[in-house]
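Atoms considered below: every heavy atom in the structure, side chains included; atoms not considered: hydrogens, waters and symmetry mates.
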Amino acid sequence: MSSRRPLSLITRSTLATGLALIAFLGLAGLSLDRAYFESARAALRDRLQGYVYAYLASTDVGRGGRVLSPDSPPPHSDFLQPGSGLYAVIDGDNGYHWESPSAVGRRLGLQEHLRPGENSFRGPVQSSVGGMYIYSLGVAYDDARGQPVDLTFTVAQTETQFVSQLSVYRRTLYTWLAALGLVLLLLQLLLLRWSLFPLRRVSSDLARVDRGDSDRLEGAYPIELSGLTHSLNNFIENERRSLTRNRNILADLAHSLKTPLAVVRSRLELGDVHDEARKDITDQVQRMDDIVAYQLSRGASSGVPTFVAPVEVAAHAEDLVQGLEKVHASRNVLCEFEIEVDARFYGEAGDLLEILGNLLENAFKWAQHRVLLSARPMPERGKRRPGLEICVEDDGPGIDADQVERILQRGVRGDERVQGHGIGLSIVQDIVNTHNATLEVARSDELGGAQFRIHFSAV
């Protein structure tokens, strides 16, 4: 059963933004609609109140408490048109009742009696002409004898005009909000495409690397992607290194076994069968077994381990030198040590043996009589573990400066007349690069021959 393909980042962001916009603009529309409704209702109340004040100003009380109906022109012409939707009514406690011409013949039910100073605004109230908004005000007039006459002025307007005004506003509001939401959504799409362009560029560059058109991710990337692209480049480089290391494992294995085999061969040719010879042969066979296991594990190695126990340099160097001195016993080559007690290698013991074994074997091969191995720690303030400097020197002919780069290449020997496979120094160079160390080849000031100096940085 095939799994459903996940949505793209742009689709996810567009859906999320769309939902957020719908929620935000919907709430904003409701808030604006409510605010406009309250504002329009307050404006309607103020307008009806103004009509009441206009009728109040044109009304008076004569002798005997007789109410003089409004005789001046009404505040709005709709009060003169029957059924216009704008009505005025005056009611008194003594049975007085007056209606504007627009209310004649209609049962509006607007009779209301309020105490002087009271007012009310309500609506929409259902009536025979539909819903109405009604404003009423109680007023007390004094007649000629000083007797109070209570009147209630009422002005009403049907809700048709108010609802029509509100509908126009709502239609305009939601049309513009929808248009604004669409524009914001399109703008979000453009911003997303621009913001995600570096990711598309990384994907495109990875495709170019996959096709073989490029060796690594090139160019400047945003700071948020720099760590990712750096890790990808390291991964690509490590993959290439692992492939190269896997291809060279057999060659390296053969080269690593060369010295132990030479020791075994020399002991067998001498015909030594006593216990010391048997012990030497057993030790060299064990070393060959260790080398095979180490070289086979190198293919799975991906770099420098972060947490590793330090390896003592002196102990491993002594075992290597004892074997080499026996191989080159006929030439009387001896090795001197200048190894500080606290010299430690932070890495696999097999890597240290490969470095020391290849450099010492190369030095014994070219030396006249002396080889010097020195090692010293290189502590740095603020670093959790010190660096290490390893130096191997001999009193041989040395290496010309213009030949250094050539002899570090795989399969190249300094002298074709000298037995060897020409890969020992390339193995050292490979391990040095894996540990981010440096290898310097120069002439020894003390012995006059070649000098190989490796510096492992403190971390």
Side-chain angles (χ1 to χ4, degrees), residues 255-256 258-259 262-263 311-345 347 349 351-379 386-409 412-415 417-433 435 437-458:
H255 181 271
S256 300
K258 181 176 56 178
T259 299
V263 174
V311 180
E312 293 186 7
V313 177
H316 291 78
E318 290 177 359
D319 295 337
L320 287 172
V321 170
Q322 287 178 3
L324 287 170
E325 286 181 342
K326 292 176 181 179
V327 172
H328 297 274
S330 60
R331 297 174 49 232
N332 194 27
V333 178
L334 299 177
C335 180
E336 303 173 16
F337 288 164
E338 291 184 1
I339 303 176
E340 297 187 15
V341 177
D342 54 350
R344 299 288 188 273
F345 173 74
D351 286 345
L352 177 62
L353 289 174
E354 283 291 332
I355 292 174
L356 295 178
N358 283 290
L359 292 183
L360 288 172
E361 181 182 5
N362 195 67
F364 269 86
K365 187 186 301 180
W366 291 97
Q368 297 294 327
H369 298 290
R370 293 180 61 195
V371 174
L372 176 61
L373 170 62
S374 59
R376 62 190 181 97
M378 305 288 290
L388 175 68
E389 184 180 82
I390 298 176
C391 184
V392 177
E393 306 172 64
D394 62 70
D395 60 351
I399 302 173
D400 296 334
D402 57 353
Q403 296 294 315
V404 172
E405 185 176 353
R406 188 180 71 88
I407 66 171
L408 293 178
Q409 298 176 2
V412 176
R413 288 181 286 168
D415 190 337
R417 296 170 297 177
V418 178
Q419 184 179 4
H421 296 82
I423 63 174
L425 291 180
S426 68
I427 295 175
V428 174
Q429 181 76 9
D430 183 28
I431 297 174
V432 166
N433 292 336
H435 286 264
T438 58
L439 170 62
E440 298 178 0
V441 183
R443 184 169 293 276
S444 172
D445 295 332
E446 183 174 348
L447 302 182
Q451 179 190 77
F452 291 84
R453 185 184 302 274
I454 301 177
H455 178 75
F456 296 92
S457 301

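- Remark: the backbone N or O of N358 is not paired with any side-chain donor or acceptor of N362 at under 3.5 angstrom.
- The ring pair (Phe, Tyr, Trp, His ring centres under 6.0 Å) search around H316 returns none, not counting sequence neighbours.
- Using a 4.5 Å heavy-atom threshold, the side chains of L334 and V321 count as separate.
- Interatomic distance, NE2 of H328 versus CD of E361, reported as 6.5 Å (0.5 Å rounding).
- Partners of Q429 according to the side chain to side chain contact (heavy atoms under 4.5 Å, CB included) rule, which considers only residues two or more places apart in sequence or in another chain, are L408, N433, L439.
- At a threshold of 4.5 Å between non-hydrogen side-chain atoms, the residues L324 and C335 do not count as touching.
- Residues L356 and L373 form a side-chain contact, since some pair of their non-hydrogen atoms from C-beta on lies under 4.5 Å apart.
- Side-chain contact between L359 and I454 is present, with heavy atoms from C-beta onward closer than 4.5 Å.
- Residues A343 and A375 share a closest heavy-atom pair of CB-O, 4.0 Å.
- Between the side chain of R453 and the main chain of E393, no donor-acceptor pair closer than 3.5 Å is present.
- Using a 4.5 Å heavy-atom threshold, the side chains of I399 and W366 count as separate.
- Scanning all heavy atoms of the two residues, the minimum distance from G347 to V311 falls at O-CG2, 3.6 Å.
- The distance from the CD atom of Q368 to the CG atom of L447 is 11.5 Å, given to the nearest 0.5 Å.
- Here the side chains of F364 and E325 are in contact, with some heavy-atom distance below 4.5 Å.
- In terms of modelled atom types and a separation under 3.5 Å, the side chain of R443 and the main chain of G448 share a donor-acceptor contact.
- Here the side chains of R344 and L388 are not in contact, with every heavy-atom distance at 4.5 Å or above.
- Atom CZ of F456 sits about 8.0 Å away from atom CG of D351, to the nearest 0.5 Å.
- In this structure the side chain of V313 never reaches within 4.5 angstrom of the side chain of F337, judged on heavy atoms.
- The backbone N or O of H369 lies less than 3.5 Å from a partner atom in the side chain of D395, making a donor-acceptor pair.
- Interatomic distance, L352 CG to L320 CG, rounded to the nearest 0.5 Å: 8.0 Å.
- Using a 4.0 Å cut-off between charged nitrogen and carboxylate oxygen, R376 and E389 count as a salt-bridge pair.
- Of all heavy-atom pairs spanning P379 and P386, the tightest one is CA-CB, 3.6 Å.
- The line from CG of D394 to CD of Q451 is 10.0 Å long, rounded to the nearest 0.5 Å.
- Note that SG of C391 and CD of E440 are 9.5 Å apart. Values are rounded to the nearest 0.5 Å.
- Ring geometry, F345 versus H435: the interplanar angle falls from 30° to 60°, so the pair is classed tilted.
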